[in-house]
Amino acid sequence: MDNFQTVLRFFMNQKATIGYSFMAILTIGGERVFSMVSFSCPCNHDQNFAYGLTFLLGPAAVLLVLGLFFSRRLWRLYTGCCLNPMKLCPRGNCLGCLRSFANIFTSACVAPVMWLSVALLNGTFYECAVSGLDENVVVDLFCKNKTMKCREELAQVPCDRSTLSKDERMELLLMFRAQSQILGWCIIIVAAFGGLICTCCTNCRSKVSYLQLTFWKRYVEKENERFDSFAQDYATKLAERNLQSFFENKDPEEFPFPSHKAWEEISAHYTFSRSEQCYSTLQRYVERTDRDFEKRPVLDPEHGMESL
């Protein structure tokens, strides 16, 4: 039993690494499926570039949108900001809000960067896109010291439709593949060093020690997990109380519930302050002595919505 708990604790501590590894496996698998099943380079000057670039950048754009769409932190910041723009800058800390948006965007970029890296290392999409460019610089680069036929049939090389000799065609394909893989490794290296530099800068400017920062992260994770559990439990109790009142045709029992202002306060962006020993907006709120609770939800006739 102790060994099982140790293994379980290890996987829980490494869940971010496991998640990124699983994402990498899915990215590699998805790229292979796209390459083998749906991708078919048209091999003409008019369509090669657009077709290859679409397969190279299209999935990356979709992954970026999905990463932002499923970001819990993004919707926590963004929800309601059109009606109350100051929610984005609580206590006038707009820099902290911009930093949060940058962190959200960076996290959403992980999957697109993985896709671009894998797709470029494979080279299939890149060689189709580049072979369709009519720019003299590109054509001169690949067809330098070669016959005019190379310039005319460059777009047909990826499909084996060219009348060039086998050696010339293989040389061009190897050049396409080499450039694609160089770009792929450049993206990986830039992403790795960029992540390291950002992490170093963030930790260097941290207002707390490394151990307290680790505790802070663990607390936020546990708070989010327990919040989901408590929310489900209380939503179930409130639904049962309302249904029981409806079907039994009697007044509902009193049900303590946070006010609308309380929900707004705990949903705000959290900024750490040395003057208080708090690790989240929720803790900052419950530590207050002037907080209030509504006994039961009531209907706001002006807005036609529940005012808590």
Side-chain angles (χ1 to χ4, degrees), residues 20 22-69 105-195:
Y20 286 135
F22 184 68
M23 187 186 302
I25 294 173
L26 288 180
T27 303
I28 295 173
E31 193 276 337
R32 295 307 300 166
V33 170
F34 268 84
S35 299
M36 298 173 61
V37 177
S38 61
F39 184 79
S40 180
C41 187
C43 291
N44 63 69
H45 286 290
D46 297 331
Q47 296 181 347
N48 275 22
F49 180 73
Y51 188 83
L53 203 63
T54 299
F55 272 81
L56 185 63
L57 300 181
V62 172
L63 289 173
L64 177 62
V65 172
L66 290 177
L68 293 173
F69 185 79
F105 184 78
T106 302
S107 299
C109 284
V110 172
V113 168
M114 285 185 178
W115 169 268
L116 288 175
S117 302
V118 172
L120 288 172
L121 289 176
N122 185 29
T124 305
F125 305 143
Y126 179 85
E127 64 187 28
C128 178
V130 173
S131 65
L133 288 174
D134 288 328
E135 298 293 333
N136 291 331
V137 176
V138 177
V139 177
D140 291 341
L141 176 64
F142 293 110
C143 295
K144 187 177 181 180
N145 300 326
K146 290 184 174 60
T147 62
M148 193 65 184
K149 186 183 292 186
C150 173
R151 297 173 176 271
E152 296 173 353
E153 300 185 5
L154 185 63
Q156 299 177 3
V157 170
C159 302
D160 198 15
R161 297 177 186 173
S162 174
T163 58
L164 295 171
S165 65
K166 183 178 180 180
D167 291 340
E168 284 184 307
R169 180 179 173 275
M170 185 57 63
E171 181 182 355
L172 289 172
L173 286 176
L174 290 176
M175 291 177 67
F176 291 150
R177 193 67 52 88
Q179 281 194 356
S180 180
Q181 292 178 346
I182 289 172
L183 286 176
W185 276 111
C186 286
I187 290 178
I188 294 174
I189 292 171
V190 170
F193 275 96

Can you tell me if Tyr51 uses its side chain to pair, donor with acceptor, with the backbone of Ser40 under 3.5 Å?
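Present.
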Under 3.5 Å donor-acceptor, Trp115 side chain and Leu57 backbone
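No; judged by distance alone, with no hydrogens or angles, the pair does not exist.
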Non-hydrogen atoms of Pro158 and Leu173 that approach each other most closely:
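Smallest interatomic distance, heavy atoms only, reads CA-CD2, 4.1 Å.
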Where Gly67 and Ala108 come nearest, the two heavy atoms and their spacing:
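Closest pair (atom of Gly67, atom of Ala108, distance): C-CB, 3.8 Å.
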Start with the C-alpha gap between Val113 and Ile188, add the side-chain angles, then the distance that decides, and say whether side chain to side chain contact (heavy atoms under 4.5 Å, CB included) holds.
CA-CA 8 Å; Val113 168; Ile188 294 174; over 6 Å; no
Apply side-chain contact (heavy atoms from CB on, under 4.5 Å) to Pro112 and list each qualifying residue two or more places apart in sequence or on a separate chain.
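Residues passing side-chain contact (heavy atoms from CB on, under 4.5 Å) with Pro112: Ala60, Leu63, Leu64.
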For Cys159, what residues pass the side-chain contact (heavy atoms from CB on, under 4.5 Å) criterion, not counting sequence neighbours?
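Cys41, Cys43, Arg161.
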Reported [atom1]-to-[atom2] distance for the pair [X] and [Y], which is rounded to 0.5 angstrom:
| X | Y | atom1 | atom2 | result |
| --- | --- | --- | --- | --- |
| Leu56 | Leu120 | CG | CG | 5.0 Å |
| Arg177 | Leu121 | CZ | CG | 10.5 Å |
| Lys166 | Arg169 | NZ | CZ | 9.5 Å |
| Glu127 | Leu174 | CD | CG | 10.0 Å |
| Leu116 | Phe125 | CG | CZ | 11.0 Å |
| Phe49 | Asn44 | CZ | CG | 14.0 Å |

Output all residues satisfying side-chain hydrogen bond (donor to acceptor under 3.5 Å, both in side chains) with Gln181, sequence neighbours left out; order by chain, then residue number.
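Testing Gln181 for side-chain hydrogen bond (donor to acceptor under 3.5 Å, both in side chains), a comparison that skips the adjacent residues, returns none.
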Counting C-beta onward and ignoring hydrogens, is there a side-chain heavy-atom pair between Cys128 and Phe55 closer than 4.5 Å?
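Answer no - side chains too far apart.
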